[in-house]
Amino acid sequence: MKKLSEIKNWNVELEEEITSNWKSSDQFKFNPKTKKKIYSIDTPPPYVNSPIHMGHAVTYCFMDFFARYRRMKGEEVLFPLGLDRNGLPIEMAAEKKFKVSPFKVGREKFIEYCEKLLGEASVESIDSFAKLGISFSSYNQGQNIGDIYHTDSPEYRKITQWTFIDLFKKGLIYEDSRINNWDPKLRTTIADSEIDYIELDSTFNDVEWTIKETGEKVVIGTTRPELIATCGMVIYNPEDKRYKKLEGKTAISPIFNEEIPITAHPTAQIDKGTGLVMMCSAGDVSDIQFFREMNLKPRIAINQDGKMNEKAGALEGLKVKEAREKMIELLKKKNLLVNQEKISHRTPISERSKAEIEFIEMPEFYLKQLEVKKDIKKIAKKINFYPKNSKKILDNWIESVSIDWPISRRRYYATPVPLWYSEDKIALGKNGIYVEPWKTAPENDSEVLDAKTKKVIGLVKDFKDAKWVGETRVLDTWFDSSISELNMLQYHKDDGFFKKAYPASLRPQGKEIVRTWLYYTILRGYLETGKECFNDTWIHQHILDGNGRKMSKSLGNVIDPQLILKEDGAESLRFWAATEGDLSKGDFTCSKEKIKAERKSLNKLLNVSKFVMMFEKPKKKPKLTSLDKLFINYLEDLTSKTDSTYEKYDFNHPAQDLRKFLWDIFASNYVELVKNRAYNEENKFSNEESDSARYALHFLLERLLILLYPIIPQITTLIANEKGIDLLNGEWPKANVGELDLNLVEKLLNFNSQIWKTKKEQGISLRNPLKGIKIPKELSSFEKDLRVCHNI
RNA sequence: GGCCCCAUAGGCUAAUGGUAGACCAUCUCGCUUACACCGAGCAGACCCAAGUUCGAUUCUUGGUGGGGCCACCA
């Protein structure tokens with residue numbers, strides 16, 4: 001490491017030396033045999049197929065603050081990096097990059113494309129983390145606790161499958177044919193949490209129907225005329241006097257001439273449309289609920305490829321939108337279309353593919369979550385939320401969960417459902433082995449269940465004649481991600497360690513994935529262990545561009561952390577991240593200028609250290625002067641505040657206080673006041689007084705380095721090295737809060753400022769004497785220093 | 001429609017029942033035995049209305065504006 005005296009300014013080259021050293025060293029390695037308290041951080045695995053963005057950079061800096069602080073407090077910190085490589089984003093990237101469709105090239109080939117893409121996925125992200133100085137337990141991928149893990153590794157996937165098998169045997173996972181959210185573009189079922197809503201233009205069509213019994217004409221409004229064939233019931237509001245006469249009568253659907261029963265139901269709103277509603281199978285979510293409630297058998301007219309089927313009669317073979325147009329045409333021809341009105345319609349779309357969601361009945365696997373809703377709420381109460389009010393996001397979501405979690409997907413690059421079928425038998429994957437049923441046969445000693453009773457009836461080898469057909473579906477990516485903390489703590493791998501380390505200490509994550517990642521993890525953790533999975537969770541907000549807008553490629557306002565790292569360095573970025581604001585309270589507005597400006601603080605620290613290092617630290621603690629005592633007391637007090645605030649994951653307020661201490665209290669005032677006494681060239685002070693200044697200078701610097709280390713570890717380590725101090729493994733200081741009146745510091749600062757101002761006004765150089773100044777009574781014990789400093 | 005968060009100088013923010021403190025930028029001045037990536041200083045702000053109060057930027061209610069989550073929309 002470079003000598004302090006050789007460094008003029010803090011710069012990126014200095015950082016490169018330090019961080020590359022850290023990356024290859026094992027000083028942050030996790031020791032599983034430790035006797036220390038274990039502190040584990042379940043970090044959010046970033047997607048590998050794109051380099052990290054500003055949001056990652058900043059939030060991982062925060063996690064690193066937490067990790068380094070905990071180490072200093074004497075805890076054994078488990079801080080692994082995971083890389084998320086499963087699921088649709090990878091598949092979509094492969095489709096785009098190699099211009100292939102999984103439905104054309106076949107599964108095996110397509111997986112090869114995905115793997116090829118993943119193989120090429122750069123290590124750029126890992127490199128960026130290292131340059132940021134993130135102290136992950138390890139920067140190597142491997143099987144040791146704390147190593148970098150891949151969510152698509154056989155080791156990870158086999159734990160996912162193990163939990164699936166257990167839940168399946170317990171009857172907590174079941175298969176059911178239900179109407180599901182269907183993404184026609186990706187051709188897979190998706191969960192409610194993966195749906196977005198956007199406003200789309202649509203047309204509201206008033207269509208004429210006939211009442212069978214009376215021949216009367218009625219008008220029904222709809223945005224989905226192509227679904228008339230699937231109409232199961234026509235309803236009106238019980239309070240709606242206009243339609244009371246229709247109760248129990250039958251409506252004849254236009255074009256299809258089906259007989260549809262009419263009834264009163266509160267779902268219908270009097271003032272919407274004509275007040276009459278045709279309830280179709282699966283037009284939207286409320287239709288699904290309605291069919292379930294009324295016990296109607298849905299008629300599904302849309303196929304998995306998003307085209308109409310034979311139930312749609314003349315519309316068969318058309319895509320949904322084409323079918324809608326054709327239907328409108330048909331209605332017009334027969335003069336059944338009374339009116340058309342353009343409206344803006346909130347339409348459910350797939351979060352990933354942006355395709356409009358259709359509702360299609362398919363058999364899928366479900367994980368029971370409704371019956372444990374109450375337990376999950378209880379369990380969630382045991383987790384400390386930082387900030388407290390972010391728990392509401394979770395509570396709101398739990399409240400609104402209304403169906404079990406559909407966990408199977410009809411895609412390829414994910415964890416396979418570990419099942420095989422043969423007539424009335426189901427073979428299970430073997431726990432502890434990663435299986436791919438779609439291409440391999442079950443192990444001979446795998447368990448076999450009776451398909452109906454789900455009871456174990458033997459092993460695969462007991463059924464020699466059975467022809468096993470492998471399951472082709474895969475699991476939702478959240479089914480993997482939601483066991484990240486179990487995986488980190490060696491669930492099903494090292495029971496002794498797991499028992500010791502569970503629940504995990506902290507889950508840091510963004511507010512936008514509370515309803516997915518946090519919720520699902522709590523659910524899965526509870527189902528596996530009956531306990532809460534985390535002690536603490538830290539929920540952060542977002543990083544916005546300089547104008548307070550979301551950063552996005554299309555807006556062209558993305559600030560690249562790699563660029564910042566190159567130009568201003570990690571320490572500036574980290575110091576900015578800590579001082580900018582409280583990320584758990586509000587969004588960060590990101591500005592390059594501000595990050596650059598923090599370099600000044602680093603140089604200030606560097607220069608003040610150089611100054612202090614000019615003096616030797618007295619070997620013995622001398623008798624301290626009252627001025628030195630006062631400033632030491634001040635920092636002791638700040639130590640105590642910093643410690644208790646760090647403890648609550650708040651690094652912002654301490655960072656601001658420490659920066660203020662560095663600039664205004666230490667550098668500008670204390671150093672100026674004791675400069676002369678420390679040099680003592682004119683022998684105006686006794687040796688003891690001079691020693692006291694030197695001792696205090698070193699004490700204050702050392703303490704400041706300790707308190708700042710979690711935030712700016714590189715520069716503090718470099719300075720501490722020169723002083724022969726090990727910040728990482730040193731003792732965390734016990735604050736000796738003294739009895740001195742700390743307000744005196746403020747008064748001293750004001751007094752100094754007053755003198756400097758007066759000299760300036762009178763055009764006197766700072767070194768020259770000033771007459772006629774009275775030192776206030778309360779500052780009289782500092783008189784000697786004040787006189788010499790200001791030459792008064 | 002329900003819920004949550006937010007509103008302070010040109011920008012970004014802090015604290016507070018007694019009218020506000022930083023930072024960046026601007027402007028003026030300066031060269032001081034660590035630091036010109038420096039120092040000193042000037043100027044500049046509490047969204048609106050009502051209520052509680054001796055006193056409200058702070059508490060309450062309402063409004064306006066911004067952000068987010070959820071539900072629903074035939």
Side-chain angles (χ1 to χ4, degrees), chain A residues 4-5 8-11 192 197 202 204-207 220-225 227 231 234-236 267-269 272-280 283-287 289-290 343-347 387 389-397 399-400 402 511-512 514-515 541-542 544 546-550 572 576 579-582 585-591 593-615 652-653 656-657 659-660 663-664 667-668 671-672 675-676 678-679 681 697 752-753 756-757 759-761 763 765-768 789:
Chain A
L4 208 51
S5 53
K8 220 166 167 215
N9 298 311
W10 185 255
N11 59 60
D192 288 351
Y197 289 85
S202 175
F204 196 76
N205 304 284
D206 285 339
V207 180
I220 302 179
T222 179
T223 53
R224 304 286 308 259
L227 292 178
C231 181
V234 170
I235 59 168
Y236 61 92
T267 301
Q269 291 173 34
K272 278 229 168 120
T274 59
L276 278 177
V277 189
M278 62 173 217
M279 299 308 288
C280 300
D284 59 50
V285 185
S286 70
D287 290 347
Q289 278 168 358
F290 183 84
I343 57 160
S344 180
H345 184 71
R346 239 172 97 84
T347 313
N389 60 19
S390 61
K391 182 164 183 292
K392 278 193 179 140
I393 307 175
L394 179 69
D395 288 339
N396 280 347
W397 177 250
E399 204 60 62
S400 65
S402 63
K511 63 175 173 181
E512 77 286 358
V514 165
R515 62 178 172 156
Q541 313 276 313
H542 295 302
L544 308 172
N547 299 317
R549 279 178 312 181
K550 225 177 176 174
S572 291
W576 166 76
T579 51
E580 171 65 22
D582 186 342
K585 248 181 96 188
D587 297 335
F588 270 22
T589 313
C590 185
S591 115
E593 290 70 39
K594 279 187 180 177
I595 296 170
K596 212 180 267 307
E598 287 306 341
R599 278 251 291 265
K600 292 185 189 173
S601 296
L602 300 173
N603 284 323
K604 197 71 178 172
L605 182 60
L606 205 61
N607 278 312
V608 113
S609 302
K610 277 188 192 171
F611 173 76
V612 172
M613 301 296 274
M614 282 164 60
F615 306 100
N652 172 46
H653 291 94
Q656 289 191 11
D657 289 346
R659 185 173 59 179
K660 183 184 157 78
W663 282 88
D664 300 339
S668 294
V671 166
E672 293 302 331
K675 231 178 210 175
N676 286 296
Y679 281 114
E681 279 169 346
L697 282 170
N752 287 342
S753 161
W756 286 322
K757 199 174 171 181
K759 282 192 173 179
K760 191 182 152 78
E761 277 167 4
S765 151
L766 290 183
R767 260 198 277 183
N768 291 334
C789 171

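Reminder, nothing fancy here: chain letters follow the sequence lines and each chain counts from 1.
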Checklist entry - With a non-hydrogen cut-off below 4.0 angstrom, is A:Val671 in contact with a base, only sugar-phosphate, or nothing? => result base
Item to check | Beyond-backbone contact of A:Leu697 with A:Phe615, side-chain heavy atoms, under 4.5 angstrom | outcome: yes
Checklist outcome for this item: By nearest-nucleotide position on RNA chain B, the 5'-leaning member of A:Tyr679 and A:His653 is A:His653
Checklist entry - So does A:Lys675 get a side-chain nitrogen or oxygen closer than 4.0 Å to the phosphate oxygens (OP1/OP2) of B:A34? => result yes
Item to check | Least distance between heavy atoms, A:Lys8 atom then A:Lys610 atom | outcome: CA-NZ, 4.0 Å
Next on the checklist: In whole Å, I'd like the distance from the NZ atom of A:Lys600 to the C1' atom of B:G39.
Outcome noted: 12 Å
Checklist entry - When rounded to the nearest Å, what value does the distance between C1' atoms of B:C29 and B:U33 take? => result 23 Å
Next on the checklist: Regarding A:Trp576, tell me which of base, sugar-phosphate or nothing describes its non-hydrogen contacts under 4.0 Å with the strands shown.
Outcome noted: nothing
Checklist entry - Taking side chain as C-beta onward, heavy atoms only, is A:Glu672 less than 4.5 Å from A:Lys675? => result yes
Checklist entry - Mind checking the C1' distance from B:G65 to B:C27? Whole angstroms is fine. => result 33 Å
Next on the checklist: How many whole angstroms separate atom CZ of A:Arg659 from atom P of B:A22?
Outcome noted: 13 Å
Checklist entry - Are A:Ser609 and A:Leu4 close enough that some pair of their side-chain heavy atoms sits under 4.5 Å apart? => result yes
Item to check | Non-hydrogen atoms of A:Trp397 and A:Arg515 that approach each other most closely | outcome: NE1-O, 3.1 Å
Checklist entry - So what does A:Asn676 touch, heavy atoms closer than 4.0 Å: a base, only the sugar-phosphate, or nothing? => result base
Next on the checklist: What's the gap between B:A45 and B:A22 when it is taken at their P atoms, as a whole Å value?
Outcome noted: 15 Å
Checklist entry - Taking C-beta and beyond as the side chain, do A:Leu602 and A:Leu605 meet within less than 4.5 Å on heavy atoms? => result no
Checklist entry - Is A:Ser390 near enough to B:C69 that one of its side-chain N or O atoms lies under 4.0 angstrom from OP1 or OP2? => result no
Checklist entry - So which nucleotide from B:C24, B:C37, B:A34 ends up closest to the side chain of A:Arg599? => result B:C37
Item to check | base_contact_polar (B:C24 base, A:Lys594 side chain, donor-acceptor, <3.5 Å) | outcome: no
Item to check | Pairwise C1' distance for B:G63 and B:C23, with rounding to whole Å | outcome: 33 Å
Next on the checklist: So that I can compare with my own list, what are the stems of RNA chain B, taken as at least three consecutive Watson-Crick or G-U pairs with distances under 3.5 Å?
Outcome noted: B:1-7 with B:64-70, B:27-30 with B:38-41, B:47-51 with B:59-63
Next on the checklist: Between B:A20 and B:G68, how many Å separate the two P atoms, rounded to a whole number?
Outcome noted: 35 Å
Checklist entry - Atom CG of A:Leu4 to atom P of B:C35: distance rounded to whole Å? => result 13 Å
Checklist entry - A:Trp756 CH2 to B:G30 C1': how many Å, rounded? => result 14 Å
Item to check | Minimum-distance nucleotide (side-chain atoms of A:Arg515 versus B:C24, B:C35, B:C70) | outcome: B:C70
Checklist outcome for this item: From the candidates B:C12, B:G41, B:A34, the one with an atom nearest any side-chain atom of A:Lys757 is B:G41
Checklist entry - Between B:C12, B:A40, B:U33, which nucleotide gets closest to the side-chain atoms of A:Glu580? => result B:C12
Checklist entry - Which whole-number value in Å describes the distance from A:Glu598 CD to B:C12 P? => result 17 Å
Next on the checklist: Heavy-atom nearest nucleotide on RNA chain B for A:Ala667 versus A:Lys760: which residue maps closer to 5'?
Outcome noted: A:Lys760
Next on the checklist: Any base atoms under 4.0 Å from A:Ser609, or only sugar-phosphate, or nothing? Heavy atoms, all strands.
Outcome noted: nothing
Item to check | Closest nucleotide among B:A34, B:C12, B:A15 to the A:Lys604 side chain | outcome: B:A34
Checklist entry - Can you find a heavy atom in the side chain of A:Val608 that is under 4.5 Å from one in the side chain of A:Lys604? => result no
Checklist entry - Where the side chain of A:Asn9 is defined as all heavy atoms beyond and including C-beta, which of B:C70, B:C38, B:C37 is the nearest nucleotide? => result B:C37
Next on the checklist: Give me the distance, rounded to whole Å, that separates B:A7 from B:U32 when you measure between the P atoms they each carry.
Outcome noted: 45 Å
Checklist entry - In whole angstrom, what separates A:Asp664's CG from B:C38's P? => result 13 Å
Checklist entry - Nearest to the side chain of A:Met614 - B:C24, B:A40, B:A34? => result B:A34
Checklist entry - Say you pick atom C1' in B:G66 and the same atom in B:U28; how far apart are they, in whole Å? => result 37 Å
Item to check | Where A:Val671 and A:Ala667 come nearest, the two heavy atoms and their spacing | outcome: CB-O, 3.5 Å
Next on the checklist: Between P on B:C38 and CG on A:Asn607, what's the gap in Å once rounded to a whole number?
Outcome noted: 10 Å
Next on the checklist: What contact category does A:Gln541 fall into here, base, sugar-phosphate, or nothing, at under 4.0 angstrom with non-hydrogen atoms?
Outcome noted: nothing
Item to check | Euclidean distance, atom NZ of residue A:Lys8 to atom P of B:C38 [Å, nearest integer] | outcome: 13 Å
Checklist entry - What nucleotide among B:C24, B:G68, B:A34 has an atom nearest to a side-chain atom of A:Lys511? => result B:G68
Checklist outcome for this item: Closest non-hydrogen atoms of A:Thr222 and A:Met278, given as atom of the first, atom of the second and distance, are OG1-CE, 3.5 Å
Checklist entry - What distance, rounded to whole Å, do you find between the two P atoms, one in B:U13 and one in B:G17? => result 22 Å
Next on the checklist: The side chain of A:Trp397 is closest to which nucleotide in this list: B:U33, B:C70, B:A34?
Outcome noted: B:C70
Next on the checklist: Using 0.5 Å steps for rounding, measure from the CD atom of A:Glu598 to the OG1 atom of A:Thr579.
Outcome noted: 4.0 Å
